[in-house]
Q: 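One structure is given below, represented as C-alpha cells, and several questions about it will come after.
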Number of protein chains: 2
Amino acid sequence: MYGYQLRVEFEASTGATWPLNIGQVYTTLSRLERDGLIEPDADADGDGKVTYRITDAGRERLGDWFSTPLERHGRPRDELAIKLAMAMTTPGVDVRAVVQRQRTATLRALRDLTRLKAQADETADAAWLLVNESMIFQAEAEARWLDHCETQLTASGRTPRSTTTGTPKEVAP
Amino acid sequence: MYGYQLRVEFEASTGATWPLNIGQVYTTLSRLERDGLIEPDADADGDGKVTYRITDAGRERLGDWFSTPLERHGRPRDELAIKLAMAMTTPGVDVRAVVQRQRTATLRALRDLTRLKAQADETADAAWLLVNESMIFQAEAEARWLDHCETQLTASGRTPRSTTTGTPKEVAP
DNA sequence: CGACACATGTAACACGTTACATGATTTG
DNA sequence: CAAATCATGTAACGTGTTACATGTGTCG
C-alpha cells in the first residue's frame, strides 16, 4: 500500500475516534524503511504513488508483536490516576470537585461512544466495532473507579478544606 | 523540594508499580523551570541540594490541570485495541490465540495487583491505594473486554484459518 | 477557472526515557 | 576502607505530533 491509502484505511477502521494526521503516516513509513521492516515496491505503477511492501524482517516483527502479550509495565502511566493521587496529596485542593468534574466528562464520553456504537453496528466493520467497545469498557471502568473514589472519600476523612465548588486557584507551594 | 526528594516521594506513593528514573526528574525540573512554572529557591540550605519552589504561573497551571477533566481525545491510543483490530484485519493471524495469550497475561497482572493491594491496605497510603485500585479496575475491564472479543469471534465467522496454536510466523504482505 | 480530492514529503518541537559522568556523605 | 546512599546533572535517542510546502488530476 501507499501512504494516502493507509490513512484512508485506518480512518475507515477507527472512524473519527482516532484522527490520524497524514504527515505522520509518511514519517512513520520513513522510519519503518530505515529499520528495514518495509521497502518500496519496485514493480508498482509509478503514478507518483510510492507503494511499500513488508520485508521478511518486518513480517517477523509483526508476528512477534501479535504473539507477545502487552505487559502493564511499559504502558504509558495513567494521567487520571496520577492526577487524583496528586490531588489527594496536595493540600488545598477540593478532591471531590475534581472527581465530580471528571465523572461528568467521562459519562458524557460514554454517551458519545454508545451513540457511535450504533453506527458501528450498522456498518458491521468488526475491527471498528471492537475498538469502540474497548473504549466503552474502559470508560465504564473509569466511571466505576471514580464512584469508588467518591465513596472512599466520603467514608474516610470528611474534611472539605476548601468549600469553593469552582476552580481551586490556591494551591500550596 | 529538591529532585532526589521528589523521586523518593513519588516512589513511595506509587510503589514499584511505576518505577521512575531519577534522571527524568532532573530533566523535567529543567523543563519546568524553562517554562517558568517553578524556580530555584534562593534562601535554601545550599548543601549542594537545589530546592525548587512553585511560581504563580505554576500554581495557576496546576489549578487548571486539577479543574479541567481529561478528555478521551488527546489520550494515547490504546495499543491493545489497535493490535486486536489489526489482528482481525490481517489475514493469516490466529486472532483467538492472540486474545487468549493476552487474557492470560492480563489475569496474571490482575493477580499481582490484588496482591499489591493487600500491602497498600496495610500502609494505608490513600494515594497509592487509589492508583492501585485504578489499575485493578482497568485490568478487570480489559479482561472483560477480551472475553467479550472471544465470544464475538466464536459467534460470527468460525473460520480458524490457521490451526497453529503457537506463534503465527506467516503473515500476508 | 477555481475548488477540492489525491498524493508526497520535510522541518521542527516536545516529551519520555535511558545511559553515562560526577561527587559528597554515611556506615558496616 | 569499601560499599551504599545521597545528590545532581548532561547527552542522546525514539517517537508522536504538527505545520508547512508542493504538485497533480478532476469536475462543477
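Note that this is a predicted model, so its numbers are computed, not measured. Residue numbers start from 1 in every chain, and the chains themselves are labelled A, B, ... in the order their sequence lines are given, proteins ahead of strands.
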Q: Once you round it to whole Å, what is the distance between C1' of C/dT17 and CZ of B/Phe10?
A: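 Checked: the CZ to C1' distance equals 14 Å.
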Q: Judged by each residue's nearest nucleotide on DNA chain C, which is more toward the 5′ side, A/Gln5 or B/Thr28?
A: A/Gln5
Q: Expressed as a whole number of angstroms, how long is the span from B/Asn21:CG to D/dT10:P?
A: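 The answer, rounded to whole Å, is 15 Å.
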Q: Quickly work out the A/Leu37 CG to D/dT15 C1' distance and round it to whole Å.
A: 14 Å
Q: Counting any heavy atom closer than 4.0 Å, what does B/Arg34 reach on the DNA or RNA strands: base, sugar-phosphate only, or nothing?
A: sugar-phosphate
Q: More than 12 heavy atoms of other residues, nucleotides or ligands under 6.0 Å from CZ of B/Arg72: is that the case?
A: yes
Q: What integer distance in Å separates A/Leu29:CG from D/dG16:C1'?
A: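 For the pair A/Leu29 CG and D/dG16 C1', the rounded distance is 15 Å.
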Q: Starting from the 5' end of DNA chain D, give me the residue, A/Thr27 or B/Ile22, whose nearest nucleotide shows up first.
A: B/Ile22
Q: Please tell me if B/Tyr2 has a side-chain N or O lying less than 4.0 Å from either OP1 or OP2 of D/dA7.
A: yes
Q: Once you round it to whole Å, what is the distance between P of C/dT8 and CG of A/Leu20?
A: 14 Å
Q: Side chains of A/Gln102 and A/Thr106 only: does a donor on one sit below 3.5 Å from an acceptor on the other?
A: yes
Q: Taking the side chain of A/Gln24 as its heavy atoms from C-beta onward, which of D/dT17, C/dT17, C/dA5 lies nearest to it?
A: D/dT17
Q: Same cluster for A/Leu129 and A/Phe137 if Ile/Leu/Val/Met/Phe/Trp/Tyr side chains link at under 4.5 Å?
A: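 Unlinked, A/Leu129 and A/Phe137 end up in two clusters.
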Q: From CG of B/Leu32 over to P of D/dG9, roughly how many Å is that when rounded to an integer?
A: 14 Å
Q: Both B/Arg75 and B/Tyr52 contact DNA chain D. Which one's nearest nucleotide lies toward the 5' end?
A: B/Tyr52
Q: Rounded off to whole Å, could you give me the OH-to-P distance for the B/Tyr4 and D/dA4 pair?
A: 14 Å
Q: Suppose we call a contact any N or O donor and acceptor under 3.5 Å apart; does that hold for the side chain of B/Arg77 and the base of D/dG16?
A: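 Counting by modelled atom types and ignoring angles, no donor-acceptor contact under 3.5 Å is found here.
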Q: Of the listed nucleotides (D/dT18, C/dT17, C/dT18), which one gets closest to any side-chain atom of B/Arg31?
A: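 Minimum distance to the B/Arg31 side chain belongs to C/dT17.
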Q: Hey, which of B/Leu32, B/Leu37, B/Leu29 is the one that makes side-chain contact (heavy atoms from CB on, under 4.5 Å) with B/Tyr52?
A: B/Leu29
Q: Could you state the NE2-C1' distance from A/His73 to C/dT18, rounded to the nearest angstrom?
A: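 Result: 18 Å.
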Q: Between A/Ser67 (side chain) and A/Gly63 (backbone), is there a donor-acceptor pair under 3.5 Å?
A: yes
Q: In terms of side-chain heavy atoms of A/Tyr26, which of C/dA7, D/dT15, C/dT17 is nearest?
A: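 The listed nucleotide nearest to A/Tyr26's side chain is C/dA7.
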